[in-house]
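Just below is one structure, and these are the notes that go with it.
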Amino acid sequence: MKTENTAPAGESLNFIEEIIEADLAAGKYQSVLTRFPPEPNGYLHIGHSKSICLNFGLAQKYGGKTNLRFDDTNPVTEDTEYVDSILEDVRWLGFEPANIFFASDYFDQLYDWAEELIMKGRAYVDFSTPEEVAAQKGTPTTPGTPNKYRETSPEENLDIFRRMRAGEFPDGHCTLRAKIDLASPNMHMRDPYLYRIKHAHHHRTGDKWCIYPMYDWAHGQSDSIENITHSICTLEFIPHRELYEWCIDSLGIFPSRQYEFARLNLTYTVMSKRKLKQLVEEGHVRAWDDPRMPTIAGMRRRGFTPESMRDFATRIGIAKRENLIELSLLEFCIREDLNKRALRRFAVLNPMKVVITNFPEGQTEWMETENNPEDPEAGKRPLPFSRELWIEQDDFMENPPPKYFRLSPGGMVRLKSAFIIRCDETVKDAGGNVTALRCTYFPESRSGQDTSGLKVQGVIHWLSAEHAKTAEVRLYDRLFRVEDPAAEEDFKSAINPDSLEVISKAFVEPALMEAGTGDRFQFTRLGYFCVDPDSGSTGMVFNRTVTLKDTWAKEQKK
RNA sequence: UGGGCCAUGGUGUAAUGGUAACACAGCAGAUUUUGGUUCUGUUAUUCAGGGUUCGAGUCCUUGUGGCCCAACCA
């Protein structure tokens with residue numbers, strides 16, 4: 001019993017919570033309104049999960065609300081498939097948006113504001129090519145130079161802009177640019193693009209528009225329209241903040257404010273949508289929801305729980321420092337969650353036949369074993385024991401090293417929840433490989449009523465060969481061989497060729513055949529597994545979510 | 001070489017001028033019919049120099065290092 005009495009340490013806040021509490025204390029806002037603004041051009045990944053947990057978590061903590069807003073200003077890369085998956089993923093994580101909006105809901109308003117800006121003399125239509133504009137922008141160390149379009153009158157600009165909207169010009173013919181400061185040390189303030197011409201079909205507005213607003217012209221105003229108080233994004237948007245505020249100030253609208261935190265990086269993982277998309281499209285993984293992918297859909301299929309992902313998000317914290325989180329923390333989170341909840345089942349992945357020579361043929365004796373030692377309420381289940389069994393190949397060694405607790409010639413081991421057996425004889429094939437074991441069991445060593453007086457160090461799992469069913473089991477390993485694949489010259493060269501191992505004929509308890517898609521189990525001594533949606537009439541398929549901690553394997557590597 | 005952001009154990013995150021802590025990882029041990037779980041112990045931290053102060057991880061200053069910014073992407 002601990003008697004130490006530490007002072008009631010005040011809860012520590014992350015820097016965004018500090019800002020919010022200061023704003024609330026100052027009466028700046030009555031309540032907190034955040035938003036999660038994904039672009040529907042790919043699937044959400046665990047980095048987005050960090051952002052979702054932050055935005056929704058802040059709102060929950062301070063009695064506010066969070067909108068889901070699809071940032072759909074670029075019709076050529078966006079698709080409703082992604083809209084659907086994003087909404088599903090947000091809800092699966094356990095959050096319900098207060099509103100579901102689209103930046104495209106605001107296209108009319110955004111357009112009107114652009115005309116307003118033109119009439120104020122703060123925007124102009126530019127017919128320069130992208131190359132010309134780049135040259136005119138200068139470099140970070142040299143100021144840009146204005147071109148003739150910068151001096152076009154508001155009236156003429158308005159006329160041309162309206163013709164842009166009317167579809168008079170082809171793609172790329174001209175753009176609308178803000179007239180700010182070509183000498184600004186912030187490159188984003190050197191007359192940024194506001195609108196570009198794209199004769200493209202939009203997933204929501206159809207063919208209504210042939211000009212589309214750029215991110216910088218859409219995002220801050222969208223926040224403002226929704227009265228977002230704290231607009232939270234990642235570090236790379238810091239240079240955009242000045243422009244974000246310029247737009248809002250120029251229009252005199254609700255002053256949403258932007259704050260930036262460091263995105264999540266995970267060891268042995270890539271986290272950019274572009275790279276993830278590449279993995280999918282080039283077939284390095286099967287799909288966006290491949291269980292090896294760090295996408296929310298992939299992790300769900302892999303067997304992660306929403307609870308474990310939220311727990312992970314809180315444990316990694318929020319700060320402005322670049323970070324690279326160790327995968328072991330994620331594994332800890334899912335193991336901790338599943339250890340308490342997952343029912344135990346026996347499965348033998350790499351089978352070795354064991355014949356109990358002193359057990360009668362054709363006879364079955366029923367054992368009983370707990371469903372979850374961490375949860376007595378989970379109850380017990382019967383387990384059939386018979387003359388021929390399957391055990392794991394790893395649980396037998398002909399020439400064992402010191403401290404090997406499992407079965408070896410002449411050695412004894414306990415079959416969990418059943419009997420102690422002794423290995424009397426090995427059966428070998430022509431190549432000298434051990435193919436089966438002939439063992440003796442000790443009837444008086446029955447689990448729970450052991451009067452044998454025998455002591456063994458090892459306990460292994462097993463399955464009655466007569467009763468076992470077969471299933472496919474997919475074992476996953478990290479997708480990359482190096483800690484930071486994104487730092488490689490070519491990240492794909494770091495792909496782990498052994499990230500998937502398929503065991504097409506593993507043995508499992510009969511009870512497992514009734515499991516439904518997504519059900520999670522601990523295969524005793526092996527790891528956590530869940531039922532893959534590929535399961536069906538042709539058989540059950542299990543995905544390994546994560547192994548159990550294995551201090552013996554670690555010892556072996558030394 | 002313009003501007004911006006950042007710097008605390010191996011990895012993250014706290015400490016809000018007053019004993020550098022928590023988690024993961026590591027190591028050692030106890031318990032265990034999962035080499036799991038649980039429990040105990042333990043290793044290891046303020047980028048560098050200067051300054052202010054009774055006292056600096058924190059404030060000032062000069063460096064150093066890392067990251068970001070010149071897409072008709074977000």
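Nothing here was measured: the structure is a model prediction, and the numbers come from that model. Side chains are part of it too, since the values below use all heavy atoms of this structure and drop only hydrogens, waters and symmetry mates.
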In whole Å, what is the span from the [atom1] atom of [X] to the [atom2] atom of [N]?
X      : N     : atom1 : atom2 : result
A:H461 : B:U33 : NE2   : P     : 18 Å
A:L548 : B:U33 : CG    : C1'   : 15 Å
A:R263 : B:C5  : CZ    : P     : 19 Å
A:E11  : B:C22 : CD    : P     : 18 Å
A:L415 : B:U33 : CG    : P     : 15 Å
A:H219 : B:C73 : NE2   : C1'   : 14 Å
A:N265 : B:G66 : CG    : C1'   : 13 Å
A:I334 : B:G36 : CD1   : P     : 19 Å

NZ or CZ of A:R345 within 45° of A:F521 ring axis and under 6.0 Å: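 No, A:R345 does not sit over the ring of A:F521.
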Any cation-pi pair here, A:K416 with A:F346, using under 6.0 Å and within 45°?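 Pair A:K416/A:F346 does not count as cation-pi.
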Non-hydrogen atoms of A:I211 and A:M164 that approach each other most closely: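 Looking at all heavy atoms of both residues, the shortest contact is CG2-O, 3.7 Å.
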When rounded to the nearest Å, what value does the distance between [atom1] atoms of [N] and [M] take?
N     : M     : atom1 : result
B:G36 : B:A30 : C1'   : 16 Å
B:A56 : B:A48 : C1'   : 16 Å
B:A28 : B:U43 : P     : 15 Å
B:C60 : B:A23 : C1'   : 34 Å
B:A15 : B:C47 : P     : 16 Å
B:C24 : B:A14 : C1'   : 15 Å
B:A20 : B:G63 : C1'   : 25 Å
B:U58 : B:G51 : C1'   : 15 Å

Side-chain donor-acceptor pair present, [X], [Y], cut-off under 3.5 Å:
X      : Y      : result
A:N74  : A:N41  : no
A:H203 : A:D72  : yes
A:S184 : A:N186 : no
A:E39  : A:T77  : yes

Confirm from the modelled atom types if [X] and [N] form a donor-acceptor pair under 3.5 Å, side chain to base only.
X      : N     : result
A:Q522 : B:U34 : yes
A:E374 : B:G36 : yes
A:R414 : B:U33 : yes
A:T141 : B:U1  : no
A:R406 : B:G35 : yes

Of all of residues 336-349 of chain A, which get a heavy atom below 4.0 angstrom from RNA chain B, listed by number?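 Output list: A:N339, A:R344.
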With a 4.0 Å limit, can you tell me whether [X] has a side-chain N or O closer than that to the phosphate oxygens OP1/OP2 of [N]?
X      : N     : answer
A:T73  : B:A74 : yes
A:T551 : B:G36 : yes
A:K549 : B:U37 : yes

Select base, sugar-phosphate, or nothing to describe what [X] touches, counting heavy atoms under 4.0 Å on all strands.
X      : answer
A:S328 : sugar-phosphate
A:G458 : nothing
A:K554 : sugar-phosphate
A:I318 : sugar-phosphate
A:E39  : sugar-phosphate
A:Y528 : nothing

Quick one: does A:K277's side chain get under 4.5 Å of A:R274's, heavy atoms only?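 Side chain of A:K277 against side chain of A:R274, heavy atoms only: no contact under 4.5 Å found.
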Min side-chain heavy-atom separation A:Y195-A:W209 under 4.5 Å: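 SC-SC contact between A:Y195 and A:W209 ruled out.
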Contact pattern, 5' to 3', of nucleotides 67-72 of chain B - B, S or - by protein heavy atom under 4.0 Å: S-SBSB
Can you sort out the partners of A:D375 under side-chain contact (heavy atoms from CB on, under 4.5 Å), two or more places apart, ordered by chain and number?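 A:D375: side-chain contact (heavy atoms from CB on, under 4.5 Å) contacts with A:N372, A:E377, A:A378.
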Tell me which one of A:Q393, A:E509, A:H461 satisfies side chain to side chain contact (heavy atoms under 4.5 Å, CB included) with A:V348.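 So the option named by the test is A:H461.
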Could you note down all residue pairs passing side chain to side chain donor-acceptor pair (under 3.5 Å) where residues 442-452 of chain A supplies at least one of them, sequence neighbours left out?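 Of all non-adjacent pairs touching residues 442-452 of chain A, those that pass side chain to side chain donor-acceptor pair (under 3.5 Å) are A:E365-A:R446, A:R414-A:D450, A:D450-A:S452.
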Which pairs with one or both residues in residues 261-272 of chain A pass side chain to side chain donor-acceptor pair (under 3.5 Å), sequence neighbours excluded?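 The answer is A:E236-A:R263.
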Salt bridge between A:E11 and A:K61, side-chain N to carboxylate O under 4.0 Å?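 So A:E11 pairs with A:K61 through a salt bridge.
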Would you call A:R525 and A:D395 a salt bridge, taking side-chain N to carboxylate O under 4.0 Å as the test?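 Looking at A:D395 together with A:R525, the answer is yes, because their closest N to O distance falls below 4.0 Å.
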Which of these nucleotides, [options], is closest to any side-chain atom of [X]?
X      : options             : answer
A:I238 : B:C24, B:C5, B:G26  : B:C5
A:P373 : B:G12, B:G36, B:A74 : B:G36
A:R525 : B:U13, B:G35, B:A74 : B:G35
A:L324 : B:G12, B:C73, B:A15 : B:G12
A:V459 : B:U34, B:G12, B:A25 : B:U34

How does RNA chain B read in dot-bracket, base by base from 5' to 3', with Watson-Crick or G-U pairs under 3.5 Å and | used when the partner is on another strand? .((((((..((((....[..)))).(((((.......)))))....(((((..]....))))))))))).....
Along RNA chain B (nearest heavy atom to each residue), the more 5'-positioned of A:F523 and A:F332: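 Mapping each residue to its closest nucleotide by heavy atoms, the 5'-most match is A:F332.
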A:W552 on top of B:G35's base, within under 5.5 Å and under 30°?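 Here A:W552 meets both the 5.5 Å and the 30° conditions.
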